[in-house]
Trainee: 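The structure's right below; bear with me while I get my questions together.
Each chain gets a letter, A, B and so on, in the order its sequence line appears, and its residues count up from 1. Quick caveat: nothing in here was measured; it's all calculated off a predicted structure.
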Amino acid sequence: MTVRTRFAPSPTGSLHIGGARTAIFNWLFARNAGGEFILRIEDTDRTRSTEESIEEITDAMEWLGLDWDEGPFRQSDRLDIYQEHANKLLESGKAYKCYVTPEELEEKRKEAQSKGEVLRYKREWAKLNEGPDNPYAIRLQTPDEGAIEVQDLLRGIVTFDAGEVDDFVILKRDGFPTYNFAVVVDDATMNITHVIRGDDHLINTPRQVLIYNALSYEIPKIAHVSMILGADNKRLSKRHGATSVVAYKDRGYLPEAIINFLSRLGWSYGDQEIFSKTELVEKFTLKNVGKSAAVFNEEKLDWLNAWYIRNEPAQEIAKLVIPLLKEKGLEVELDNKLIKIVQELSQRAKTLLDISNTIDYFYADEIEYEEKAKSKFLKPEIKPVLQELADRLSSLADFNMDEMHKVFDQVMEERELKLGKIAQPLRVALTGGTVSPGIFEVMDILGKDEVLKRLSKAISTIPNN
RNA sequence: GUCCCCAUCGUCUAGCCUGGCCCAGGACAUCGGCCUUUCACGCCGAAAACAGGGGUUCAAAUCCCCUUGGGGACGCCA
């Protein structure tokens, strides 16, 4: 039988980190098994679901490279299927109509709460408000005692007391299914073989088991993976800062880094840290998935992102940087110069923004000096050195790094100066600051004319003692 | 409160199932050093954990129990 997994987000916001991890696990599991990955939108909450969210989620998944074989299906398009199933249960007496209004229940709930209790729905309330035209919800008739066993691929058999589960709603009075009902009907009718989802759903599973049984559907294999927590050990949420995939995209992270990082959260393969996507597909098994919750550690993500920026071809990174520069009002083409710059800057960037934010001096018409750098390095005693450098560099017929090195060797020897003594002032002259790629690389990228122009500006800036 | 899940360095984790190879390995972060024209990269090194208690056993991070701690769920949300 073909393995079929699914990712079933509810469109109430953009794809968040936890959802992305679940999606990745399902995707990897399916791809590893040569199976199929289905995308299903769980939009049964009419008040909270939005079109924009659906688009944001699919965009984020495409960006991550999580391609799906079927879907996106929408539960809101399948209402007749759920109703059909609910009617079947109604006819067989496994479910019944409940006329109690949500408001009445809410009141009872509050009342119980004030007594420190939890409301347990009572079957005999069902006929309250009964009338031919009165709206009703459909509830599943559940056993009052006994044990409900859940087979979990990661945790083994988890046993629940049937007494804990009361007659829950499967079809709301608006005709929409509840989460538990829709999930079961969908997973069954879509022939899902493996359900991989967050830990927070484990508690729902006994209810779903009851539905499967009532419908005489086979229960798929289920694995509950642990959740991702924030640094404070609380469930990852808005107050932890950036929690959506797009937020990380916008902050200059690469999809490869996110995939790699999220895969390693709760899953491992010996001591290996860096995984290409193909490698992940090859190596992913549920056996290596851990059971405990994982804290989202942005520093490690940074390290991975830096690794990918460093190791990706400069041309590819350059393509990603261009739109970022455009946003800053810097129109740049994908040419040799840009690729060379990116090649250098990517060695010292954690995110794409680190590149786009430190690139300006390569394109500036006029260099502005950082005050501190200027006062520390552009001092009178260095003026003749810079002048000599300028003279010698200007006479170079071939402005390449070999020749530049020779010029520097000569100047260093004559003046008995170490390279460091010359390089820093020169760096300030050329870049305006004290941090940049190697000085020869910088000169190579700027080219002879620009180097001489900037040198002469620096020289004229320095007072004569 | 009730139910469910979880528990190895600050963090992600290896080892746990199938006890001995573990005075617990790797990675991020931290600190020190080397390299060096700055910043990075790279390399070398340091510090850093089996939550506590009780069993079982010749032997326990590994098996069992209790405690503690953390998380999740208790909706006509998903």
Trainee: For rC39(B), does the base pair up with any side-chain atom of R348(A) as donor and acceptor (N or O, under 3.5 Å, distance only)?
Mentor: yes
Trainee: So does R109(A) get a side-chain nitrogen or oxygen closer than 4.0 Å to the phosphate oxygens (OP1/OP2) of rC76(B)?
Mentor: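 R109(A) to rC76(B) OP1/OP2: side-chain N or O found under 4.0 Å.
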Trainee: Are E256(A) and K277(A) ion-paired here, with the side-chain N under 4.0 Å from a carboxylate O?
Mentor: no
Trainee: Taking the minimum atom-to-atom distance to the side chain of N297(A), which one of rU11(B), rA73(B), rU37(B) wins?
Mentor: rU11(B)
Trainee: Please pick, from rU37(B), rU11(B), rC12(B), the nucleotide with the shortest atom-to-atom distance to any side-chain atom of R427(A).
Mentor: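 When the side chain of R427(A) is considered, rU37(B) is the closest of rU37(B), rU11(B), rC12(B).
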Trainee: Does K291(A) get its side chain close enough to the base of rC6(B), under 3.5 Å, for a donor-acceptor pair?
Mentor: no
Trainee: Please determine, for the side chain of A423(A), which listed nucleotide (rU37(B), rC76(B), rG71(B)) has the closest atom?
Mentor: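 Shortest atom-to-atom distance from the side chain points to rU37(B).
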Trainee: With respect to W267(A), which candidate in F29(A), F25(A), F275(A) satisfies the ring pair (Phe, Tyr, Trp, His ring centres under 6.0 Å) definition?
Mentor: F275(A)
Trainee: OP1 or OP2 of rA14(B) versus the side-chain N and O atoms of S268(A): is any pair under 4.0 Å?
Mentor: yes
Trainee: Under a 4.0 Å N-O cut-off, is there an ion pair linking E298(A) with R251(A)?
Mentor: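 Looking at R251(A) together with E298(A), the answer is yes, because their closest N to O distance falls below 4.0 Å.
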Trainee: Which nucleotide sits closest to the side chain of V158(A): rC4(B), rC76(B), rA78(B)?
Mentor: rC4(B)
Trainee: Nearest of rC76(B), rC41(B), rU13(B) to any side-chain atom of A294(A)?
Mentor: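 For A294(A), the side-chain atoms sit closest to rU13(B).
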Trainee: Identify the nucleotide, in any strand shown, that forms a Watson-Crick or G-U wobble pair with rC39(B), with both distances under 3.5 Å; if there is none, say none.
Mentor: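 Partner of rC39(B): none found under 3.5 Å.
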Trainee: Reading RNA chain B from 5' onward, which residue's closest nucleotide shows up sooner: S292(A) or Y99(A)?
Mentor: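 Closer to the 5' end of RNA chain B: S292(A).
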Trainee: Looking only at side-chain N and O atoms, does N305(A) offer a donor or acceptor that is under 3.5 Å from a partner on Y248(A)?
Mentor: no
Trainee: Taking any strand in view, what nucleotide pairs with rA46(B) in a Watson-Crick or G-U wobble way, both distances under 3.5 Å?
Mentor: rU30(B)
Trainee: Using the C1' atom as the point on both nucleotides, what is the distance between rC16(B) and rC63(B), in whole Å?
Mentor: 10 Å
Trainee: Salt bridge check: are E130(A) and K97(A) linked by an N-O gap of less than 4.0 Å?
Mentor: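 Answer for the salt bridge query: no.
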Trainee: Could you please name the partner base of rG75(B), counting Watson-Crick and G-U wobble pairs only when both distances are under 3.5 Å?
Mentor: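 Because no pair has both required distances under 3.5 Å, rG75(B) counts as unpaired.
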Trainee: What's the gap between rC21(B) and rG15(B) when it is taken at their P atoms, as a whole Å value?
Mentor: 16 Å
Trainee: Starting at atom CD of E344(A), determine the distance to atom P of rU37(B), rounded to an integer number of angstrom.
Mentor: 16 Å
Trainee: Which base sits across from rC16(B) as a Watson-Crick or G-U pair, both distances under 3.5 Å?
Mentor: none
Trainee: Using the side-chain heavy atoms of K234(A), tell me which of these nucleotides is nearest: rC76(B), rG70(B), rC39(B).
Mentor: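 Selected nucleotide (nearest to the side chain): rG70(B).
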Trainee: So if I take every side-chain heavy atom of I203(A) and compare against rC3(B), rG25(B), rC12(B), which nucleotide ends up nearest?
Mentor: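 Shortest atom-to-atom distance from the side chain points to rC3(B).
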Trainee: Compare side-chain N and O positions of R120(A) against OP1 and OP2 of rU2(B) and report whether any pair is under 4.0 Å apart.
Mentor: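 So the side-chain polar atoms of R120(A) never come under 4.0 Å of the phosphate oxygens OP1 or OP2 of rU2(B).
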Trainee: Does N233(A) get its side chain close enough to the base of rG71(B), under 3.5 Å, for a donor-acceptor pair?
Mentor: no
Trainee: Indicate, yes or no, whether a donor-acceptor pair under 3.5 Å links the base of rG26(B) to the side chain of E273(A).
Mentor: yes
Trainee: To the nearest Å, how far apart are I228(A) CD1 and rC12(B) P?
Mentor: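 Checked: the CD1 to P distance equals 11 Å.
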Trainee: Do R78(A) and T44(A) have side-chain atoms, one donor and one acceptor, less than 3.5 Å apart?
Mentor: no
Trainee: For rC21(B), give the paired nucleotide (Watson-Crick: N1-N3 plus N6-O4 or O6-N4; G-U: N1-O2 and O6-N3; both under 3.5 Å), or none.
Mentor: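 Matched rC21(B) with nothing under the 3.5 Å cut-off.
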Trainee: Can you check whether T44(A) has a side-chain N or O nearer than 4.0 Å to OP1 or OP2 of rA78(B)?
Mentor: yes
Trainee: Can you confirm whether more than 12 heavy atoms, excluding those of E279(A), are under 6.0 Å from its CD atom?
Mentor: yes
Trainee: Taking any strand in view, what nucleotide pairs with rU68(B) in a Watson-Crick or G-U wobble way, both distances under 3.5 Å?
Mentor: rA7(B)
Trainee: For nucleotides rC44(B) and rA61(B), find the distance between their P atoms and express it as a whole number of Å.
Mentor: 30 Å
Trainee: Any donor-acceptor pair under 3.5 Å joining the side chain of N204(A) to the base of rA78(B)?
Mentor: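 Yes, the side chain and the base share a sub-3.5 Å donor-acceptor pair.
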Trainee: Pick the C1' atom in rC23(B) and in rC65(B), then give their distance to the nearest Å.
Mentor: 27 Å
Trainee: Is any side-chain nitrogen or oxygen of K172(A) closer than 4.0 Å to OP1 or OP2 of rA78(B)?
Mentor: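 Yes, such a contact exists.
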Trainee: Taking atom P in both rA7(B) and rC12(B), what distance in whole Å separates the two?
Mentor: 12 Å
Trainee: In whole angstroms, how far is the C1' atom of rC17(B) from the CD1 atom of I157(A)?
Mentor: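 Interatomic distance, CD1 of I157(A) to C1' of rC17(B): 15 Å.
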Trainee: Does CZ belonging to F440(A) count more than 12 external heavy atoms closer than 6.0 Å?
Mentor: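 Yes, enclosed.
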Trainee: Can you find a side chain N or O atom of R235(A) that sits less than 4.0 Å from OP1 or OP2 on rA73(B)?
Mentor: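 Indeed, a polar side-chain atom of R235(A) lies that close.
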Trainee: What's the CG-P distance between D302(A) and rC12(B), to the nearest Å?
Mentor: 16 Å
Trainee: If you only use heavy atoms from C-beta on, which nucleotide in rU38(B), rC77(B), rC76(B) is closest to the side chain of D45(A)?
Mentor: rC77(B)
Trainee: Report the nucleotide, chosen from rC28(B), rU38(B), rG25(B), that has the shortest atom-to-atom distance to any side-chain atom of E299(A).
Mentor: rC28(B)
Trainee: Which nucleotide in the set rG42(B), rU11(B), rC28(B) lies at the smallest distance from any side-chain heavy atom of R310(A)?
Mentor: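 Per side-chain heavy atoms of R310(A), the pick is rG42(B).
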Trainee: Taking the same atom, P, in rG42(B) and in rA59(B), what whole-Å distance lies between them?
Mentor: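 About 46 Å, rounded to a whole number of Å.
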Trainee: Just checking, is any N or O donor in the side chain of N129(A) or E104(A) under 3.5 Å from an acceptor N or O on the other one?
Mentor: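 The criterion, which ignores hydrogens and geometry beyond distance, is satisfied for E104(A) and N129(A).
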Trainee: Between rC50(B) and rU67(B), how far apart are the two P atoms, rounded to whole Å?
Mentor: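 So the two P atoms sit 22 Å from each other.
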Trainee: Given atom CG of D167(A) and atom P of rC76(B), what is their separation to the nearest angstrom?
Mentor: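 Computing the D167(A):CG to rC76(B):P distance gives 12 Å.
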Trainee: With rounding to the closest Å, how many angstrom separate the P atoms on rG53(B) and rC6(B)?
Mentor: 23 Å
